[in-house]
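Written out below as structure tokens is the structure these notes cover.
Nothing here was measured: the structure is a model prediction, and the numbers come from that model.
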Amino acid sequence: MSIEVGAKLQGKVSGITNFGAFIDLGSGKTGLVHISEVSNGFVKDIHDVLSVGDEVTVKVTSVGDDGKIGLSIRKAQEQPESAGKETSHNAKKFQHQNKEPRENRTRSTPKKSFSRSQPSNTKEDFDSLMSSFLKDSDDRLTSLKRNTEGKRGGRGGRRS
């Protein structure tokens, strides 16, 4: 029996690993279905979907020169043509909904706007902000020096 890429075959699950399932295709041929190819949805534990001895229909995705056969269960399942169209339609609908300008979108925090037409007290605001920053910074540096100078082996530590 010659196995070709694109062929749909019946097989039996012969072994399960954390990365996929081995499928016995008959006549001494075994292929691997990677965990990402088991289902259309996310599969955290393959044991939830498959168990040893299950009969499955698989599609051959690759045949290596070394004899390794790549299989897919999700590609073997018949998908209605409208499903693909519906998905692309929903994607376009979603994109259309988010076409409104960034300014009109709701934000969790209000955006501060700075313009040249603000009152002249901005210099006072800046000066007060700068002085509070410098005071805060000086306090932090002082406490940092106090905590590190007394320790042995610390940089710039006191030696007696």
Side-chain angles (χ1 to χ4, degrees), residues 5-6 13-23 30-52 54 56 58-77 79-160:
V5 175
V13 178
S14 61
I16 295 181
T17 65
N18 58 351
F19 56 84
F22 290 99
I23 309 296
T30 302
L32 173 71
V33 177
H34 190 266
I35 192 167
S36 63
E37 294 293 327
V38 170
S39 172
N40 285 326
F42 176 73
V43 177
K44 185 174 183 178
D45 185 9
I46 196 166
H47 291 93
D48 295 340
V49 182
L50 294 174
S51 58
V52 176
D54 286 353
V56 291
V58 293
K59 184 173 184 178
V60 179
T61 57
S62 65
V63 178
D65 295 334
D66 54 357
K68 292 184 179 178
I69 303 170
L71 303 171
S72 173
I73 294 174
R74 69 182 181 95
K75 290 180 182 173
Q77 296 170 346
Q79 296 178 352
E81 290 185 24
S82 63
K85 292 177 184 176
E86 186 178 313
T87 304
S88 63
H89 174 72
N90 287 341
K92 288 178 184 176
K93 184 178 176 184
F94 178 74
Q95 288 173 348
H96 180 69
Q97 288 175 347
N98 286 331
K99 290 283 185 189
E100 65 183 76
R102 286 184 177 251
E103 305 86 48
N104 295 343
R105 294 184 190 169
T106 57
R107 300 181 68 104
S108 58
T109 56
K111 184 177 178 182
K112 294 181 181 177
S113 67
F114 296 100
S115 66
R116 296 186 185 271
S117 64
Q118 286 184 341
S120 62
N121 66 355
T122 55
K123 182 164 176 46
E124 295 169 277
D125 290 340
F126 177 77
D127 288 340
S128 64
L129 287 172
M130 185 56 110
S131 65
S132 67
F133 169 77
L134 289 174
K135 181 180 177 289
D136 217 19
S137 176
D138 191 37
D139 290 344
R140 287 182 182 172
L141 281 174
T142 304
S143 67
L144 187 63
K145 285 181 184 176
R146 192 178 322 121
N147 289 335
T148 56
E149 284 180 358
K151 308 222 181 253
R152 285 185 173 213
R155 209 173 190 182
R158 287 182 262 161
R159 303 209 174 157
S160 47

Give the minimum heavy-atom separation between [X] and [Y], together with the two atoms involved.
| X | Y | result |
| --- | --- | --- |
| Ala21 | Val13 | CB-CG1, 4.4 Å |
| Gln77 | Asn40 | OE1-ND2, 4.3 Å |
| Val56 | Ile23 | CG2-CD1, 3.9 Å |
| Val63 | Val5 | N-CG2, 4.0 Å |
| Ile35 | Lys44 | CD1-O, 4.2 Å |

So for atom CG, which belongs to Asp65, do other residues, nucleotides or ligands contribute more than 12 heavy atoms lying within a distance under 6.0 Å?
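No, because the 6.0 Å sphere around CG of Asp65 holds 12 heavy atoms or fewer from other groups.
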Does [X] reach the main-chain N or O of [Y] with its side chain, forming a donor-acceptor pair under 3.5 Å?
| X | Y | answer |
| --- | --- | --- |
| Arg74 | Gly41 | no |
| Asn147 | Ser143 | yes |
| Ser72 | Lys59 | no |

Applying salt bridge (Lys or Arg N to Asp or Glu O under 4.0 Å), name anything that partners Lys135, two or more places apart in sequence or on another chain.
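Once residues adjacent in sequence are excluded, the partners of Lys135 under the salt bridge (Lys or Arg N to Asp or Glu O under 4.0 Å) criterion are Asp139.
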Using a 4.5 Å cut-off on heavy atoms from C-beta on, say whether the side chain of Ile73 contacts that of Leu50.
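The answer is yes, as the side chains (C-beta and beyond) meet within the 4.5 Å cut-off.
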What distance do Lys68 atom NZ and Thr30 atom OG1 have between them, rounded to the nearest 0.5 Å?
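Answer for the NZ-OG1 pair, Lys68 versus Thr30, is 13.0 Å.
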Within this structure, what is the CZ-CD1 distance for the pair Phe22 and Ile69, rounded to the nearest 0.5 Å?
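Atom-to-atom, Phe22:CZ and Ile69:CD1 are 11.5 Å apart.
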Do Asp125 and Ser128 pair up side chain to side chain, a donor and an acceptor below 3.5 Å, judged on atom types alone?
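Side chains of Asp125 and Ser128: no pair found under 3.5 Å.
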